[in-house]
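Only one structure is covered here, and it is reproduced in the block below.
Side chains are part of it too, since the values below use all heavy atoms of this structure and drop only hydrogens, waters and symmetry mates.
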Amino acid sequence: MTEAHPAYDERPRRRGRKILVGLLVLLLILVGLAVVADRIAAGVAEDAIADQVRQELTQQDASAQPPDVEVGGFPFLTQVLNGKYERITIRLRDVAGTVEGNSVRLPELDVDARGVTASLDTIRSGQGDVVADRVDGTGTVSYDSLAAFLDRPGLKLAEKDGKLAVTAPVDILGQKLTVTGNAEVSVSEQGQVALRFSDLDAEGLPNVPMARVLLNNYARSISIDVPLPDLPFQLTVREVRPLPEGLAVTADARDVPINRLG
């Protein structure tokens, strides 16, 4: 009767397992290196975009904290080869620009470009068109900036119950009163922020027709269209709405050449 030799049978199996484990480890290392290389390449692209944004802000006499750029989609290198980028997000903070001599502050401005097309030759040479199918922008305008355009000492704007509320000291028929009320906020045909104040009231307002006429005249005097600084990527303002932190601005653009941001 032939005796079994399990020790000899196990050696080839163990050797095979070691080879398989070694191959798996090698594969994981290669995948890890590929991911690292991909992220490095994406980081280089993000730095280049951030530098271009800084240059454009300088040309527009605007300032902001260093841009935070993120190239979305994975893998990045495949997008480079295809010449089509899924998404590029640019976050700007503390943006400040000058309009008609007044400083306009946007505490935040986020730009989201989707369907960005750029050929490999364009990336290599820096020459050619880089076009986004769609660009969306969201930001906030500080209430202090808006109040500066109204040019009324002591006037303050804020959000209250989802509306733009105003408080201001006024002198009506020799009495110092505090005016309160709300404004309708919309986007004008020129893309400006349209403020329309109505139904203002003042505690202690004299009960005479002239007092009401003067109050209505004050409401009309502060009902103006406020221009905004030029937004990057040809963004056009579509909607504005009051939020506690400022006036929220929503903008968009189609078929935008983003290799020149102005």
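Residues L215 and A202 approach most closely at CD2-N, 4.4 Å, considering heavy atoms. Residues V226 and F149 come closest through the heavy atom pair CG1-CD1, 3.6 Å. A pairwise comparison of heavy atoms in G162 and E159 identifies N-OE2, 2.6 Å as the closest pair. Across all their heavy atoms, A165 and K160 have their closest contact at CB-CB, 3.9 Å. Across every non-hydrogen atom of L200 and N182, the tightest pair is CD2-N, 4.3 Å. Nearest approach of L109 to R93, heavy atoms of both residues: N-NH1, 3.8 Å.
The pair D133-R254 does not count as a salt bridge, with every side-chain nitrogen at least 4.0 angstrom from each carboxylate oxygen. For the pair R134 and D136, the salt-bridge criterion is met [side-chain N within less than 4.0 Å of a carboxylate O].
Under the 4.5 Å side-chain criterion, counting only non-hydrogen atoms from C-beta, T180 is not in contact with V166. Counting heavy atoms from C-beta on, the side chains of L150 and L195 come closer than 4.5 Å. Side-chain contact check for V116 versus V131: every heavy-atom pair is 4.5 Å or farther apart. Side-chain contact check for Y218 versus V213: every heavy-atom pair is 4.5 Å or farther apart. You'll find the side chain of P107 stays beyond 4.5 Å of the side chain of E245, heavy atoms only. In this structure, the side chains of L228 and V237 come closer than 4.5 Å at one or more pairs of heavy atoms. L92 is not listed as a side-chain neighbour of E108, based on a closest heavy-atom distance of 4.5 Å or more. Counting heavy atoms from C-beta outward, L164 and L157 have side chains that approach closer than 4.5 Å.
Applying the salt bridge (Lys or Arg N to Asp or Glu O under 4.0 Å) test to every pair with at least one member in residues 68-82, sequence neighbours left out, gives these pairs: D68-R91, E70-R91. Applying the side chain to side chain donor-acceptor pair (under 3.5 Å) test to residues at least two apart or on different chains, the pairs with a partner in residues 187-211 are R196-D225.
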Steps toward side-chain contact (heavy atoms from CB on, under 4.5 Å) verdict (L247, V185): CA-CA 9 Å; L247 192 67; V185 186; 4.0 Å; yes

Intermediate values then yes/no, side-chain contact (heavy atoms from CB on, under 4.5 Å), V208 and L173: CA-CA 10 Å; V208 294; L173 298 179; 3.7 Å; yes

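Here the OG1 atom belonging to T89 is positioned 4.0 Å from the CG atom belonging to D112, to the nearest 0.5 angstrom. Note: T140 OG1 to R105 CZ = 8.5 Å, rounded to the nearest 0.5 Å. The CG atom of L177 lies 6.5 Å from the CG atom of L205; values are rounded to the nearest 0.5 Å. To the nearest 0.5 Å, the span separating CZ on R152 from OG on S221 amounts to 4.0 Å. Considering CD of E184 and NZ of K163, their distance stands at 9.0 Å, rounded to 0.5 Å. Residue D94 holds its CG atom at 10.0 Å from CG of L106, rounded to the nearest 0.5 Å.
With Y143 contributing its side chain and A158 its backbone, the two residues share no donor-acceptor pair below 3.5 Å. Using modelled atom types, no side-chain atom of S145 and backbone atom of V141 make a donor-acceptor pair closer than 3.5 Å.
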